[in-house]
Number of protein chains: 2
Amino acid sequence: MKPTLRAVAETVGVSRSTVSNAYGRPDQLSAELRQRILDTARQMGYPGPNPTARSLRRGFVGAIGVLFTSRLSYAFTDPFAVQFLTGVAEAAEHHGSSLLLVPLPGDLVGARKAVENAAVDGFCVYCAGDEGEIVDTIRARGLPFVTTSARPGAQDLWVGIDERAAARSAAEHLTGLGHRRVALLSDDVLPDTSPGLVRVSDVADVPHPTTRERLAGFADAFAAVGVTWPELTILAAADNTRAAGAEAVRALAALPEPPTAVLACSDVLALGALDTLRGAGQSSSVTGFDDIAEAASAGLTTVLQPGVDKGRRSAELLFDPPSDTEAHQILLPTTLVVRTSTGPAPRS
Amino acid sequence: MKPTLRAVAETVGVSRSTVSNAYGRPDQLSAELRQRILDTARQMGYPGPNPTARSLRRGFVGAIGVLFTSRLSYAFTDPFAVQFLTGVAEAAEHHGSSLLLVPLPGDLVGARKAVENAAVDGFCVYCAGDEGEIVDTIRARGLPFVTTSARPGAQDLWVGIDERAAARSAAEHLTGLGHRRVALLSDDVLPDTSPGLVRVSDVADVPHPTTRERLAGFADAFAAVGVTWPELTILAAADNTRAAGAEAVRALAALPEPPTAVLACSDVLALGALDTLRGAGQSSSVTGFDDIAEAASAGLTTVLQPGVDKGRRSAELLFDPPSDTEAHQILLPTTLVVRTSTGPAPRS
DNA sequence: TTGAAAGCGATACCAA
DNA sequence: TTGGTATCGCTTTCAA
């Protein structure tokens with residue numbers, strides 16, 4: 001068993017406070033005594049103040065949590081999530097804080113538990129589907145948090161983009177190219193759907209806020225050229241991975257009139273779509289969302305959102321909450337990046 | 001202020017233990033009483049047992065730490081590090097544990113402090129240059145750890161590859177193709193070196209264990225065909241990024257007789273080298289190390305090491321330490337993957 | 001400059 | 001099934 005601060009105090013023959021000060025407040029005791037304490041401590045194998053005990057007493061932890069809806073290992077599968085994490089890490093590093101990655105199990109009870117058990121000073125909520133429940137749990141703990149999905153009540157800290165407008169910009173690019181018969185590809189479309197073609201009677205039925213907003217943005221652009229929601233093909237992917245994107249798009253082959261373009265809600269899905277379509281020799285247009293590094297090399301037309309910034313500013317908002325309520329909401333810019341994966345719709 | 005367990009106990013009119021049991025050991029009290037406690041707690045706004053206090057009392061945290069030598073944000077810059085993290089995350093998730101990413105400041109004192117303050121049950125040490133100091137600090141805390149760099153004493157938990165043999169395999173591929181005048185590219189070659197050409201009188205002088213072993217492996221292969229260490233050009237990169245690789249290789253242009261091949265200690269550096277060389281219209285051979293996803297699309301010849309496995313098995317070793325001392329060391333296989341970035345040396 | 005005492009918030013043993 | 005009590009390891013006024 002490792003010795004405790006108390007043991008050190010007894011061995012040196014001073015009080016616990018003094019030993020504590022030797023570590024945390026060097027100016028509170030003579031350099032000589034301090035050195036004697038530190039030496040004895042080392043000699044006894046005392047590992048220094050126990051972080052957990054210190055946190056309990058001090059009332060803060062020195063770590064912020066990052067919440068992921070999906071399995072934690074997926075977080076690293078999506079390069080955009082990695083960008084976000086990079087930004088959060090930068091800010092955390094800057095503030096001498098650690099990063100606790102908290103995986104949220106699929107079930108609500110488990111998710112709530114995970115949030116309740118995390119020893120952190122605050123949370124960055126990355127893309128939580130059931131945001132409401134999660135956020136309520138965080139609030140119940142009285143901890144600050146920053147969210148990135150569709151703008152909730154104006155009093156919460158939020159860093160994000162105009163999802164709907166961004167999606168619309170990609171879709172307008174396609175309508176401009178003459179595309180009218182298209183498929184929208186996303187994960188998290190409806191709960192418990194099998195991958196492939198799905199019927200969604202109304203965009204508003206999509207529970208995941210980000211997915212909903214992006215689909216709605218796509219639809220806006222098509223509505224503007226007379227293509228209504230029911231005319232859009234919806235493709236559900238099993239999860240947000242390249243493989244799932246590739247798989248979902250296979251369902252298009254069964255259609256009598258396959259769409260001339262696929263609009264994906266993420267680059268990884270779009271890349272998967274390209275894998276399948278190009279593999280089958282089809283030249284359908286494909287757009288993505290995020291602009292991850294691979295998008296460039298694959299020539300994917302996509303919506304760029306500043307991922308690292310998003311992470312960094314989220315964390316900064318957590319560390320230095322603005323006094324001004326206005327500044328609670330940070331809207332980041334997006335840009336449509338046109339590459340070679342999109343082209344004119346074939347004459348019909 | 002949020003109410004505490006104690007307040008709940010007083011309000012309900014039961015003892016603290018009973019309230020505690022209501023949360024942690026449902027079988028220790030009647031369903032009815034439990035429900036009454038939980039209801040009152042919710043009503044009072046009690047957020048559930050404080051994780052820090054619980055950790056202190058229980059003596060364990062439910063999180064493992066991952067240590068990176070370099071800046072934490074760099075961890076996400078290198079796809080191989082991301083692979084490793086993915087593996088660790090998988091195992092952690094499986095054990096219901098969280099992942100604490102601990103940024104290590106550049107200075108030793110700061111780094112030691114970071115390790116001392118991390119509230120975790122153990123550490124995965126990823127590629128720590130000053131491994132010795134860091135590992136000593138962890139040991140002083142009495143926490144278990146797993147390391148991945150060059151095999152230390154046989155009593156430590158270790159998951160890794162035969163760095164030297166793996167590097168040698170890449171170099172032998174090049175000697176087989178007739179290359180004799182080559183450059184070795186790495187970050188962390190010597191402390192405080194400016195990027196570009198460096199003189200290293202002896203491989204043994206390289207302090208970073210992984211770098212040293214890989215360079216030594218490269219040298220082995222060339223020694224076997226009569227090319228000695230001083231004849232090898234050493235290129236230092238500012239850090240392990242594509243940009244730094246591209247930059248370092250520019251120094252070759254100044255050489256009277258530029259090398260016919262570049263052997264990099266990582267894929268990101270190799271990709272950077274390709275950027276510069278191909279950009280200058282040169283067809284020099286380039287090899288990498290790791291086999292990240294981009295290596296395939298870039299046609300990079302490289303040494304594949306199982307990154308996700310490395311992470312997963314590291315974490316597993318931490319969670320279920322083998323009783324058998326033999327099993328403390330896990331050696332993972334590597335494979336040379338030959339693609340298009342290497343070819344015969346030009347006739348001189 | 002040093003020490004005494006009071007918690008921080010919860011858990012777990014053991015007795016009732 | 002429930003409660004009393006000691007304790008986890010440290011920090012922090014406040015007084016000496």
Side-chain angles (χ1 to χ4, degrees), chain A residues 1-38 40-41 44-62 113 116-121 140-143, chain B residues 1-38 40-41 44-62 113 116-121 140-143:
Chain A
M1 206 47 209
K2 290 280 161 188
T4 68
L5 181 147
R6 169 182 222 124
V8 176
E10 280 164 4
T11 303
V12 181
V14 294
S15 79
R16 316 224 274 302
S17 351
T18 304
V19 177
S20 176
N21 284 334
Y23 284 94
R25 310 186 154 183
D27 51 319
Q28 295 296 300
L29 68 172
S30 65
E32 187 218 11
L33 176 57
R34 177 174 134 89
Q35 199 50 56
R36 190 151 58 89
I37 292 175
L38 261 32
T40 319
M44 296 174 64
Y46 174 64
N50 174 317
T52 306
R54 162 177 280 175
S55 295
L56 175 59
R57 181 61 234 230
R58 287 197 170 156
F60 97 108
V61 179
K113 228 172 183 159
E116 283 165 350
N117 289 331
V120 295
D121 302 316
R141 280 191 60 182
L143 291 179
Chain B
M1 205 48 208
K2 290 281 162 189
T4 68
L5 182 146
R6 170 183 222 123
V8 176
E10 280 164 4
T11 303
V12 181
V14 294
S15 79
R16 317 226 273 303
S17 345
T18 304
V19 177
S20 175
N21 284 333
Y23 283 93
R25 309 187 157 182
D27 52 318
Q28 295 297 299
L29 68 171
S30 64
E32 188 218 11
L33 175 57
R34 177 174 134 89
Q35 200 48 56
R36 190 152 57 92
I37 293 175
L38 260 32
T40 318
M44 296 174 65
Y46 174 64
N50 174 316
T52 307
R54 161 178 280 170
S55 295
L56 174 59
R57 180 60 236 229
R58 288 196 170 157
F60 96 108
V61 178
K113 231 173 180 159
E116 282 166 350
N117 289 331
V120 296
D121 301 316
R141 280 191 59 183
L143 291 179

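Per chain, numbering begins at 1; letters A, B, ... match sequence-line order. These numbers come from the heavy atoms of this one structure, side chains and all, not from hydrogens, waters or symmetry mates.
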With side chains defined as the heavy atoms from C-beta onward, is the minimum distance between A/Ile37 and A/Leu29 less than 4.5 Å? yes

Taking five pairs at each end of the helix from C/dT1-D/dA16 to C/dA16-D/dT1, what angle separates the two helix axes (nearest 10°)? 30°

Could you tell me whether A/Leu56 contacts a base, only the sugar-phosphate backbone, or nothing, with contacts defined as non-hydrogen atoms closer than 4.0 Å? base

Under 4.0 angstrom, heavy atoms only, what part of the nucleic acid is B/Phe60 near: base, sugar-phosphate, or nothing? nothing

Taking side chain to side chain donor-acceptor pair (under 3.5 Å) as the test, write out the residues that go with B/Ser17, two or more places apart. B/Ser15

For A/Gln35, all residues meeting side chain to side chain donor-acceptor pair (under 3.5 Å), sequence neighbours excluded: A/Asp39

Quick one: side chain to side chain contact (heavy atoms under 4.5 Å, CB included) partners of [X], sequence neighbours excluded?
| X | result |
| --- | --- |
| A/Ala140 | none |
| B/Pro26 | B/Arg34 |
| B/Leu56 | A/Thr52, A/Ala53, A/Leu56 |
| A/Arg141 | A/Ala118, A/Phe123, A/Leu143, B/Pro47, B/Pro51 |

Using whole Å, report how far [atom1] of [X] lies from [atom2] of [N].
| X | N | atom1 | atom2 | value |
| --- | --- | --- | --- | --- |
| A/Asn117 | C/dA10 | CG | P | 12 Å |
| A/Arg34 | C/dT1 | CZ | P | 13 Å |
| A/Arg57 | C/dC8 | CZ | P | 7 Å |
| B/Arg6 | C/dG9 | CZ | P | 10 Å |
| B/Leu5 | C/dG7 | CG | C1' | 16 Å |

Taking only residues at least two apart or on different chains, which pairs with a member in residues 20-29 of chain A satisfy side-chain hydrogen bond (donor to acceptor under 3.5 Å, both in side chains)? none

Partner set under salt bridge (charged side-chain N to carboxylate O under 4.0 Å, His left out) for A/Arg36, not counting sequence neighbours: none

Under the salt bridge (charged side-chain N to carboxylate O under 4.0 Å, His left out) test, which residues partner B/Arg58, sequence neighbours left out? none

Go through DNA chain D in 5' to 3' direction and return only the first and the last nucleotide with some atom under 4.0 Å of chain A's heavy atoms. D/dG9 to D/dT12

Upstream residue (5' side of DNA chain C) when A/Leu33 and B/Tyr46 are each assigned their closest nucleotide: A/Leu33

Closest non-hydrogen atoms of A/Tyr46 and A/Thr4, given as atom of the first, atom of the second and distance, are CE1-C, 3.5 Å

Taking only heavy atoms on the protein side, list every residue of residues 13-28 of chain B lying under 4.0 Å from any atom of DNA chain C, sorted numerically. B/Arg16, B/Ser17, B/Ser20, B/Arg25

